[in-house]
Number of protein chains: 2
Amino acid sequence: MFLMSIPHFETLLAFFKALANESRLKLIGLLAQREHSVEEMAALLQLKEPTVSHHLAKLKQLKLVEMRQDKNTHFYRLNQAALQSMSKAMFTPEHIVGLTADVDTDGWESKILRSYFEDGRLRELPASRKKRRVVLKWLVNQLDQDRRYAEKELNQVLKQFHADVATLRREFIGYNMMQRERGRYWRMPEVEWRTEA
Amino acid sequence: MFLMSIPHFETLLAFFKALANESRLKLIGLLAQREHSVEEMAALLQLKEPTVSHHLAKLKQLKLVEMRQDKNTHFYRLNQAALQSMSKAMFTPEHIVGLTADVDTDGWESKILRSYFEDGRLRELPASRKKRRVVLKWLVNQLDQDRRYAEKELNQVLKQFHADVATLRREFIGYNMMQRERGRYWRMPEVEWRTEA
DNA sequence: CATCTAATTAGATTTTTGTCTAATTAGCTT
DNA sequence: AAGCTAATTAGACAAAAATCTAATTAGATG
């Protein structure tokens, strides 16, 4: 239909607020099936019409629903496209990392992460040592602190971020972010990591 | 990693409630970068520790964050997998339609939609006339009531649900759900639709 | 024009949620 | 054990949000 830009903090928050309510979520469910008039929806959800109107106004503000008028009946329908594109872009790492723009502690690392991740996946391992370390640090952080992973399990987790899992494993060991013994891998405490692989 | 079952109404609502808050969303942003102690997060967000603790408890309940303890410092980290799988399954049509289970008006149509849609896409056009009509009805409802679509635009919208857009277009015309003239398509009011194609 | 209908807006009330301070717990450290 | 530190729990208070009734608007119809 049309692409929506990646939503920013305020947008995302507003979006969650809109959906974080029992009545509104039910309304969306109803509207996913077909259009409904305000009257109908009020009856189905056992709410008064003004209440429904109020909820629809919120959803309309965010373009999650659209309205058409026939005589003095207002028919609402869901804007699937808005919903989908929102949920799609929502939880990719580079986007989540961007959430903290205002707070941001280590802006430098965030910037690197954002630039190397795309649609939730690592495009390529950075060539420079410093950047590579940032990316690896983030990745190793996706693993459980105390768990011992079989190689297969480790691959499972890693391949969700990058195809070349063998290189990732090797780099982890190189930086001493992980250790291996008899086919099992586990994380090392951060103080033990090396600066150079 | 592991598959999560499709969340149901209560789960989904709880999930949105968890994220529909400025502080919690920022926490998630922070934790997406690396693990943090409660103290750190309180400082970064300019909140008191009990407040942060309280928010983390909510996120922990939903397994969105995990905690590891070192001495008496608690380190929290994000459970990316939970977040991702939640957002992924979230807004597929067959799931949204399922939201209204308790309310449900036309359970029969919903059931059909759920069974023919998978991951947001139409698996195949039902063979039986009655079922096909339900699916087409839903699809045509994704279009703007009053807009006139160029064939290309129409395809754009439709292909997001099904590859064989030519058949869909033909069926719409057949059921008189849409009309065409000089390469332009538009929706017909529901009263004009035919029962048989 | 008077009246009816469906919806929205205004304003009041109640419920839910976020934040704080104070008190408590759990785990060191001396 | 006494004291220290980081976190959690309890409870109070304040702010935000949901819902209702009443009043108003917009459009249709006799």
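For the pair A/R68 CZ and D/dA26 P, the interatomic distance rounds to 21 Å; values are reported in whole Å. Atom CD of A/E22 is separated from atom P of D/dA18 by 12 Å (rounded to the nearest Å). The separation between A/L47 atom CG and D/dT19 atom P is 6 Å, rounded to whole Å. Atom-to-atom, NZ of A/K48 to C1' of C/dT9 comes out at 18 Å; the value is rounded to the nearest Å. The CD atom of B/Q69 sits 9 Å away from the P atom of D/dT8 (whole-angstrom rounding). Between the CZ atom of B/F16 and the C1' atom of D/dA17 there is a distance of 18 Å, given to the nearest Å. Distance B/E49 CD to C/dA22 P: 15 Å, rounded to the nearest Å. For the pair A/Q61 CD and C/dT8 P, the interatomic distance rounds to 14 Å; values are reported in whole Å.
Between B/K60 and B/Y76 there is a side-chain heavy-atom pair separated by less than 4.5 Å. Here the side chains of B/L154 and B/M178 are in contact, with some heavy-atom distance below 4.5 Å.
Remark: A/R24 is not in phosphate contact with D/dA17, judged by side-chain N or O atoms under 4.0 Å from OP1 or OP2. Within the structure, a side-chain polar atom (N or O) of A/Y76 is placed less than 4.0 Å from OP1 or OP2 of C/dT8. A close approach under 4.0 Å does occur between a side-chain nitrogen or oxygen of A/S23 and OP1 or OP2 of D/dT19. Neither OP1 nor OP2 of D/dA17 sits under 4.0 Å from any side-chain N or O of A/N21. Listed pair B/H54 / D/dT8 fails the phosphate criterion, with no side-chain N or O lying under 4.0 Å from OP1 or OP2.
Taking the ring centre of A/F75 as origin, the terminal cationic atom of A/R68 falls inside the region bounded by 6.0 Å and 45° from the ring axis.
Heavy atoms of B/H55 sit under 4.0 angstrom from primed sugar atoms or phosphate atoms, though from no base atom. Nucleic acid contact for B/F75: none, since no nucleic acid atom lies under 4.0 Å from a heavy atom of the residue. Within 4.0 Å of B/K58, counting heavy atoms only, lie sugar-phosphate atoms of the nucleic acid but no base atom. Residue contacts for A/T51: at a heavy-atom cut-off of 4.0 Å it reaches a base atom on one of the strands shown.
Remark on DNA chain C: of its neighbouring residues A/P50 and A/N72, the 5'-side contact belongs to A/N72, judged by nearest-heavy-atom nucleotide. Place A/K17 and A/Q46 on DNA chain D by their nearest nucleotides, and A/K17 ends up nearer the 5' end.
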